[in-house]
There are 2 protein chains.
Amino acid sequence: MGRPPTLEDVARVAGVSRATVSRVINGTRNVDPAIQETVRAAVRTTGYAPNSAARSLVTRRTGAVGLVISGAGEGGDEAAYRRYVFSDPFFGRVVDGVMGALRPRGMHPMLMLAETADAREQVVAHLRQGIADGALLVSTHGEDPLPGMLTSAGVATVLFARPARPVPAGYVDLAHRDGARLAAEHLLARGCRRPVTICGPLDVLAGQERLDGFNQAMARHGHAYVPCAEGNFTASAGEQSMTRLLREHPDLDGVFAANDLMARAAVQVLREQGRRVPQDVAVVGFDDSSAATATRPELTTVRQPVEEMAGEMVRLLLTALESPEAPPESVIFEPDLVVRESA
Amino acid sequence: MGRPPTLEDVARVAGVSRATVSRVINGTRNVDPAIQETVRAAVRTTGYAPNSAARSLVTRRTGAVGLVISGAGEGGDEAAYRRYVFSDPFFGRVVDGVMGALRPRGMHPMLMLAETADAREQVVAHLRQGIADGALLVSTHGEDPLPGMLTSAGVATVLFARPARPVPAGYVDLAHRDGARLAAEHLLARGCRRPVTICGPLDVLAGQERLDGFNQAMARHGHAYVPCAEGNFTASAGEQSMTRLLREHPDLDGVFAANDLMARAAVQVLREQGRRVPQDVAVVGFDDSSAATATRPELTTVRQPVEEMAGEMVRLLLTALESPEAPPESVIFEPDLVVRESA
DNA sequence: GCGCAACGGGAGAGCGCTCTCCCGCTCTCC
DNA sequence: GGAGAGCGGGAGAGCGCTCTCCCGTTGCGC
C-alpha cells in the first residue's frame, strides 16, 4: 500500500472498468446511478485522488496560469525591484483579482518574476514546457520584450496594459487620459489656480497618458503649462518630487500625483512643510489603492478597478485558450473619481 | 507540424534514440560530445521543449510548491480577508523570500488562499492530486485546521509559525518573546515611564508571545501592569486601539505595537492629537516591514527576517521531500532591534 | 592475449490517465 | 415482429517522458 491508489485500483474495488470510474469522477457521460454509488464508495475506501500529471498529459491542461511580473531592464537592482513589486499595493490587487476569477474554475496562479534577461528566458522556457496553460503578464516597464517572446513562443498570453509595440496578445487597460482629466477638472472645480503634477515614468504608457490627459484638460481651461516632476510610482520618488515642486513653486495650491503612493508621500511632505491638505493644497491621487484610505486625510483619487481588470484578464485568457485561432480580444476600463478628503 | 515536437521527433532528426536525447537534455549520463552537439542542434531545429506533464508523470515532481495563505474561520468576510492579506506587506515579504529560494531550483510558487472551509477542502484536494510537490502554509489564525488536514492527507508541509496544536510538519518561527523584550528594554532605556501596548490577536501564538514577552520584561523592571489594547494587525485596528489608549491613559509616553502597520497608525493618531513622536511619546513597532520606513518619523522596530524565514521554509520543504521518512525539522529565528526615529 | 570493467548507446516497459471505438442491450416506432 | 436508434459499459490505444535493462565497444592490467 506504499503507492497511492490509481484508477485501476478503484476500478478493481468497484468491480468496473477504469473507463467507468473515470466517467464517474469527471461526470463526462451518463453512468448508472447504482454503479456511480459503488464507484464513489470505492473512491472513498481507497482514498483515491486522481493524479494531475497523468491527467494533464492527456488533456493538455494543467489548471495553472502563469502570473508574470516583468520589468526592470538590465543593471537594475533586482532585490530592490522585488521589494518594490511586493510593497506596491497594486500587485496585490492584481493577484486578488486573478485569484478571484481563477478559483471558481479550480485553477491557480503560478507566480513568476522576470526582472532580468535570464529570468525572462527562464519564464518563457518554463511556459513553453506547459508548466501552465497560459500567461497573465504585468509589465512595469515600457519596452518589455517579454510579451513578444511569449507570443512568438506560442504561449497564450494576456497583458495588463497595452504594450508599447503591438503584439498578438489581448490586454486589459484603463482609459488613463479620462482619469487624468477627471482629476484636473476636480482640482479646477475646487478653485485650484496653480496646479502641479507628479507624473509617472514617461517610458510607461500609463505614465505618459496620465500626464497627457492631465495637461490637455488643464490647457483647455487656460493652464497652458503645468509644472511637472517625474516619479517612478514609489513613495520616495513622490517625496522627492513634492519637495522639489514645493521649492520651485512655493505658491502651488493643487497636486495631481500619478498614483496613490506618490500622492501619499506628497501629502506627508506638504504637511511637514506646514501646508494644510486640502485647505492650502489639494491633492489628487490615482488608483484608489489601499494607500488612499490609509492616508490622513484620506485621498481623493481616480479609481482604477484593478481587481476587475485582473479578473477580466483571466476571462480573456480562458477564451483565448478555448479558441486559439481567434484574434486576441482586449478590454478598456473607464476610471471614476473618488472624492474623499484630500481634494 | 500542428503538434509540438516530442522527444521522438528530436531523436529522429538527430539519428539517435529517445533515451539518448533525454540523457543529453537532462545531463543524466555521459554522452559522446559529438552526439551531444548533434542532439542539441536537433533540439534547436525542431524547437523542442520537453513536456512537463509527461515528465512529472514519471518523475513525480512538478516543480511547483503550493504557497497557502490560510485563516479566517467561518462567517468572516472573505473579500475583506483577501484585501487584508494582499495589503499587508508581510505576505509580500513571504512571497519574496519563497521565490528567492525557489528560483535557483527552477521551481515556482502556486498561490492558494484558504479562507473558508470549502476553500480548505479544495486546497487539500488539489494538493493531494499532486498539483504541487508540497505546501508552504502561512496561517493567520490560531486554530487553523489546515495543517492537520494537509499532513494527514500526506502532503509534505512546512509552516510559518509553530502551530497551536502539534502537527507532524516542520516550521519556521521567530523568538517573539525575545523581540518584545528588546522593545521593552529600549523603551525603558529611553526613559519611558508610562508604557502601553497595542498587542496582536491573542488567538494567534505570535500575538500572545509578543505580549507576554513585553509584559514580562516590563514586570522585571517594575511595571507590573501595562495597559493593553488588542488589535488584529491592521491599520484601522491600530488606530482604534491607540485612540482608546490615549483616552484612557492620556499621560502615556511609550507605545509598543505588535506590528508595524499598527505602530504606523498609532503614530498618525498621536500626531493628530498633538503628541510629538518620539519626544512626547516613543513608539516601537514589530516586523521591520516596508511600513516602518514609510512612516514619518521612521519606525524603531523589532526586525523579523521574514524573507529569510520564508527561504528557510523552502529549504525545509525540499529536504522533507528528499527524505519523507525523516522527522520534520524546524528553525527558530532571532529578532533584532532596529533603532530609527520613533523611539 | 585474454578477461573484466567501464562506458556509451538502444530497446522497451511503464507512469496514470482520457477518450475513441466497439459491443450488447433495451426501447420505440412502424 | 423487426429495424434502428440510443444508452451504458468495456477494451485498449495512446499522451510524452524517464529509467532500467541489456548489449556492443574500448581500455587496461596481468
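On a predicted model such as this, the values are computed, not experimentally measured, just so you know. So you know, we letter chains A, B, ... as the sequences are listed, proteins then strands, and number each from 1.
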Counting Watson-Crick and G-U wobble pairs whose two distances are both under 3.5 Å, find the runs of 3 or more in a row that involve DNA chain C.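 Result, WC/G-U stems under 3.5 Å: C:1-30 with D:1-30.
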
B:Arg83: what forms a side chain to side chain donor-acceptor pair (under 3.5 Å) with it, not counting sequence neighbours?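 By the side chain to side chain donor-acceptor pair (under 3.5 Å) rule, B:Arg83 matches no residue at all.
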
Check salt bridge (charged side-chain N to carboxylate O under 4.0 Å, His left out) between [X] and all other residues, then give those that pass, not counting sequence neighbours.
X: A:Arg128; answer: none
X: B:Arg23; answer: none
X: B:Arg315; answer: B:Glu312
X: B:Glu308; answer: B:Arg303

Pairs flagged by ring pair (Phe, Tyr, Trp, His ring centres under 6.0 Å) wherever residues 110-140 of chain B is involved - sequence neighbours left out: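 As it turns out, the ring pair (Phe, Tyr, Trp, His ring centres under 6.0 Å) pairs with a partner in residues 110-140 of chain B, which skip direct neighbours, are A:His108-B:His126.
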
What pairs meet the salt bridge (charged side-chain N to carboxylate O under 4.0 Å, His left out) rule with one or both residues in residues 136-152 of chain A, with sequence neighbours excluded?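 Residue pairs passing salt bridge (charged side-chain N to carboxylate O under 4.0 Å, His left out), neighbours aside: A:Glu143-A:Arg165.
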
Could you list all the salt bridge (charged side-chain N to carboxylate O under 4.0 Å, His left out) pairs where at least one residue sits in residues 47-59 of chain A, not counting sequence neighbours?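 Counting only pairs at least two positions apart or across chains, no salt bridge (charged side-chain N to carboxylate O under 4.0 Å, His left out) contact touches residues 47-59 of chain A.
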
Walk along DNA chain D from 5' to 3' and tell me the first and last nucleotide with an atom closer than 4.0 Å to a non-hydrogen atom of chain A.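 The contact span of chain A on DNA chain D goes from D:dG8 to D:dG16.
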
Let me spell it out: for each of B:Ala19 and B:Ala53, pick the nucleotide of DNA chain D with the closest heavy atom. Which residue's pick is nearer the 5' end?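 Going by which nucleotide is closer to the 5' end, it is B:Ala53.
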
Considering only distance and modelled atom types, tabulate donor-acceptor pairs under 3.5 Å from the side chains of residues 145-152 of chain B, sequence neighbours left out.
| residue | atom | partner | partner atom | Å |
| --- | --- | --- | --- | --- |
| B:Thr151 | OG1 | B:Pro147 | O | 3.1 |
| B:Thr151 | OG1 | B:Gly148 | O | 3.1 |
| B:Ser152 | OG | B:Gly148 | O | 2.9 |
| B:Ser152 | OG | B:Met149 | O | 3.4 |

Heavy-atom pair with the smallest gap, counting every atom of A:Ala169 and A:Thr157: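 Shortest heavy-atom contact: CB-O, 3.5 Å.
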
Need to verify one output field. Residue with the more 5' nearest nucleotide on DNA chain C, B:Arg23 or B:Ala54?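 With B:Arg23 and B:Ala54 compared, the 5'-side residue is B:Arg23.
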
Report the residue (A:Tyr48 or B:Asn30) whose heavy-atom-nearest nucleotide on DNA chain C is the more 5′ of the two.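 Closer to the 5' end of DNA chain C: B:Asn30.
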
Which ones in residues 57-65 of chain A lie close to DNA chain D, meaning a heavy atom under 4.0 Å from one of its atoms?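 Those residues whose heavy atoms fall under 4.0 Å from DNA chain D, taken from residues 57-65 of chain A in numerical order, are A:Leu57, A:Val58, A:Arg60.
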
